[in-house]
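Report on the structure given below.
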2 protein chains.
Amino acid sequence: MSTTRELFQTMTRRFGFLNKNCCTVGGVDISLTQSHILYEIDRQHNPSMQQIADTLGMDITTFSRQIGTLVKMKLVKKTPSPEDRRVYILSLTTEGKFVATTIDTEMNNNLDEIFSHMNDFEKETVLRSIQLLNESMAKSSKCCTTPIG
Amino acid sequence: MSTTRELFQTMTRRFGFLNKNCCTVGGVDISLTQSHILYEIDRQHNPSMQQIADTLGMDITTFSRQIGTLVKMKLVKKTPSPEDRRVYILSLTTEGKFVATTIDTEMNNNLDEIFSHMNDFEKETVLRSIQLLNESMAKSSKCCTTPIG
DNA sequence: GAATAATACTTGCAAATCGCAAATATTACA
DNA sequence: TGTAATATTTGCGATTTGCAAGTATTATTC
């Protein structure tokens, strides 16, 4: 007999553990935060710094520094926007792309393994449930957006 | 068209945001980590330090210090175990219990609000899906357990 | 069109957090 | 009894954090 929160807490914690074992690709060692940054840069279209920071709910100053080290590691490239010279457009270098893709594949494999303990119907139901959940969270104005801090 | 990982990433991030806006109860200000610690102490039965640290996937030394500050804040009590004098049993003080309960209620309210955008059938399906997912993750030996580090 | 406000990003700084290595104390095992 | 294993704490240096303040650029307003 679990409360709703308990279910969520367990799930997100376990997924978090999954994410944590991510972060050595080839010779490169990155942190969990950095893996999330790479993921979002890869996913979004010509994102600015502010955009990614917002998506991840990170303070822009912390983010700026993280990008700094990722640039030093040659995983990320910062290109000044031609339209607005205050803005930097972020993109992945070839190596950054490789790291991101490797982690992504690994994560999807892990998820596959988890779903292998279900039958096809269950798997479909679960995936559609998560989709539904995401839509409901998006609708909810009260919550689930970037935190204040 | 999202990959499985994308669905999970979105969901856990949003739930994370929900968790982040948690942490001022009465006059007391606590961090996200501390809120998770209180939650687990409340949930488990006479847990030891090591137990909670393991559940949360935290390094025991970091955990020890966190407990130190929570004890100073009078939210947590450490009682030496009568059976094994190496271990400390953790429990919540009255105030700690109050803080934990307040956060828990708040979180469940937020989740209710999210589910209010679904009909009863959808809600049931989603909840059972998460339960199923948690069971599958528990079965998976390869993943989802405490990370190595 | 000059002054002012708003935005995007960076840097200084001090606090919090982190995890490894090593220490202590206790219990389990041989 | 001696040795190994376990639970917890402390030293320490590295990393991460976020606020305040700074620079540079664009938008607004009068």
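None of the values given here were measured: they were computed from a predicted structure. Throughout, protein chains are lettered first and strands after them, A, B, ... in sequence-line order, and every chain is numbered starting at 1.
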*Interatomic distance where CD1 belongs to B:Ile60 and C1' belongs to C:dA25 [whole Å]*: 15 Å
*asked:* Taking side-chain contact (heavy atoms from CB on, under 4.5 Å) as the criterion, tell me which of A:Val99, A:Val25, A:Thr24, A:Thr69 meets it with A:Ile30.
replied: A:Val99
_DNA chain D: 5'-proximal contact among A:Arg85 and A:Arg65 (nearest heavy atom)_ = A:Arg65
*Can you find a side chain N or O atom of B:Thr62 that sits less than 4.0 Å from OP1 or OP2 on C:dG19?*
yes
*Could you tell me whether B:Tyr88 contacts a base, only the sugar-phosphate backbone, or nothing, with contacts defined as non-hydrogen atoms closer than 4.0 Å?*
sugar-phosphate
_Please tell me if A:Gln66 has a side-chain N or O lying less than 4.0 Å from either OP1 or OP2 of D:dT15._
no
_Would you say that A:Met73 contacts A:Glu95 through its side chain, given a criterion of any heavy-atom pair below 4.5 Å between the two side chains?_
no
*A:Gln34 or A:Glu83: which one's nearest nucleotide on DNA chain D is closer to the 5' end?*
A:Gln34
*asked:* Applying a 4.0 Å non-hydrogen cut-off, can you work out what B:Ser48 is touching in the nucleic acid: base, sugar-phosphate, or nothing?
replied: sugar-phosphate
*Are side-chain N/O atoms of A:Gln9 and B:His36 paired as donor and acceptor at under 3.5 Å?*
yes
*Less than 3.5 Å between a donor and an acceptor, one on the side chain of B:Thr61 and one on the base of C:dC20, is that the case here?*
yes
*Taking atom C1' of D:dT28 as reference, at what distance in whole Å does atom CG of A:Asp84 sit?*
15 Å
*Between C:dC18 (P) and A:Asp29 (CG): distance, integer Å*: 18 Å
*Considering only D:dT17, D:dT9, D:dA7, which nucleotide approaches the side chain of B:Val87 most closely?*
D:dA7
_Shortest side-chain distance from A:Ser64, nucleotide among C:dT10, C:dT17, D:dT10_ = C:dT10
*Could you state the atom-to-atom distance from CG of B:Leu32 to P of D:dG18 in whole Å?*
11 Å
*asked:* If I take atom CE in residue A:Met49 and atom P in nucleotide C:dA8, what distance separates them, rounded to the nearest angstrom?
replied: 11 Å
_Euclidean distance, atom CG of residue B:Asp59 to atom C1' of D:dA14 [Å, nearest integer]_ = 14 Å
_A:Thr33 vs A:Met58 side-chain heavy atoms within contact, under 4.5 Å_ = yes
*How close or far is atom C1' of D:dT10 from atom CZ of B:Phe63, stated in whole angstroms?*
17 Å
*Could you tell me whether the side chain of B:Arg86 has a donor or acceptor atom within less than 3.5 Å of a complementary atom in the base of D:dT8?*
no
*Shortest non-hydrogen contact from A:Leu32 toward A:Cys22*: CD1-SG, 4.5 Å
*Spacing between A:Gln50 atom CD and D:dA24 atom C1', to the nearest angstrom*: 15 Å
